[in-house]
Amino acid sequence: MDPFGEDKALAAFAAAWLPDATGCASAAGEEGEQSRVSCTLGKLGLHFVRFASAAERDTARLTRRQQHDDAQRLAPGATHVLRRPSASQRTRGEYIEFAYISGTGADAPIVAGIWWDNGDEPIAAYLEAPLAKDLDGSWAPLRDAWNRYS
């Protein structure tokens, strides 16, 4: 069964990733999301989202921008927020490296990720993984994946 259903634009946004992504399935969306497909790409979580509106996408983007500010403290080395085309030149939108603490307590992991969106439609995607456990403390695996597939 196709996890993208009838959403051809979201499927097209995800197309370059799908040959190497595994376990893709439709997932419960968060508030403001119309649909979400979550996959795995090696150790990385990969999520494609259609928002109910461009305003909802922009609200989610603002959260990632705030997490970008946190990244400077939690995961040094995050690049500036950029408006740029994807590596394939198929889409042009916001590129945001972000980080946040997942959970509570002293052992809560720092998760690092990359968000990008298609400025023309209310869709976005992001990669994320625990910084220490799965990324060996480096932004390189996330950036390499984004550059390879986007």
Side-chain angles (χ1 to χ4, degrees), residues 3-4 7 9-18 20-21 23-104 108-150:
F4 293 93
D7 195 336
L10 191 59
F13 189 63
W17 299 81
L18 297 179
D20 292 332
C24 293
S26 179
E30 297 178 7
E31 185 175 339
E33 295 180 2
Q34 187 175 341
S35 62
R36 170 190 287 257
V37 174
S38 293
C39 309
T40 303
L41 185 69
K43 295 180 179 182
L44 308 177
L46 174 61
H47 310 278
F48 300 97
V49 180
R50 171 169 293 282
F51 292 90
S53 66
E56 294 289 351
R57 182 206 55 215
D58 294 348
T59 297
R61 181 193 298 144
L62 181 59
T63 297
R64 295 303 185 197
R65 281 178 166 257
Q66 291 166 339
Q67 291 172 337
H68 167 76
D69 294 342
D70 293 339
Q72 305 309 320
R73 175 179 48 85
L74 297 172
T79 64
H80 297 289
V81 173
L82 304 168
R83 181 148 185 83
R84 68 186 278 190
S86 62
S88 67
Q89 307 291 316
R90 287 190 312 262
T91 62
R92 181 175 185 81
E94 296 266 347
Y95 172 94
I96 304 169
E97 295 183 353
F98 63 90
Y100 62 91
I101 298 172
S102 179
T104 59
I110 295 169
V111 173
I114 295 176
W115 156 287
W116 72 101
D117 60 56
N118 180 346
D120 296 334
E121 293 194 50
I123 58 178
Y126 61 96
L127 290 163
E128 61 183 359
L131 183 65
K133 179 182 172 208
D134 293 341
L135 301 175
D136 296 324
S138 173
W139 286 96
L142 291 166
R143 291 175 183 153
D144 290 347
W146 190 84
N147 284 320
R148 187 175 323 124
Y149 296 104
S150 72

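Source: prediction; values computed, not measured. The analysis underlying the following values was restricted to heavy atoms, covering all of them including side chains, and did not include hydrogens, waters or symmetry mates.
With sequence neighbours excluded, the residues satisfying side-chain contact (heavy atoms from CB on, under 4.5 Å) with Ser102 are Tyr100, Pro109, Val111. Applying the salt bridge (charged side-chain N to carboxylate O under 4.0 Å, His left out) rule to Glu128 yields no partners; only residues at least two apart in sequence or on another chain are considered. By the side-chain hydrogen bond (donor to acceptor under 3.5 Å, both in side chains) test, Asp20 pairs with Tyr149, sequence neighbours left out. In terms of the salt bridge (charged side-chain N to carboxylate O under 4.0 Å, His left out) criterion, Asp144 has no residue partners (sequence neighbours excluded). Residues satisfying the side-chain hydrogen bond (donor to acceptor under 3.5 Å, both in side chains) test with Arg64, not counting sequence neighbours, are Gln67. Judged as a side-chain contact (heavy atoms from CB on, under 4.5 Å), and not counting sequence neighbours, Thr59 has no contacts. Not counting sequence neighbours, the partners of Ala99 by the side-chain contact (heavy atoms from CB on, under 4.5 Å) test are Ala71, Leu74, Ala75, Ile110. With sequence neighbours excluded, no residue forms a side-chain hydrogen bond (donor to acceptor under 3.5 Å, both in side chains) with Asp70.
Sorted by first then second residue, the disulfide (SG to SG under 2.5 Å) pairs that include residues 118-150, not counting sequence neighbours, number zero. Applying the side chain to side chain donor-acceptor pair (under 3.5 Å) rule to pairs touching residues 39-54 yields Asp7-Arg50, Ser38-His47, Arg50-Glu121, sequence neighbours excluded.
Each of Trp146, Tyr126, Trp115 was evaluated against Tyr95; a single residue qualifies, Trp146, per the ring pair (Phe, Tyr, Trp, His ring centres under 6.0 Å) test.
To the nearest 0.5 Å, atoms CH2 (Trp17) and CG (Leu127) are separated by 4.5 Å.
Between the Arg57 side chain and the Asn118 main chain, a donor and an acceptor come within less than 3.5 Å of each other.
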- Message: Determine whether Thr63 and Phe98 satisfy the following criterion, side chain to side chain contact (heavy atoms under 4.5 Å, CB included), listing intermediate values before the conclusion.
- Response: CA-CA 9 Å; Thr63 297; Phe98 63 90; over 6 Å; no
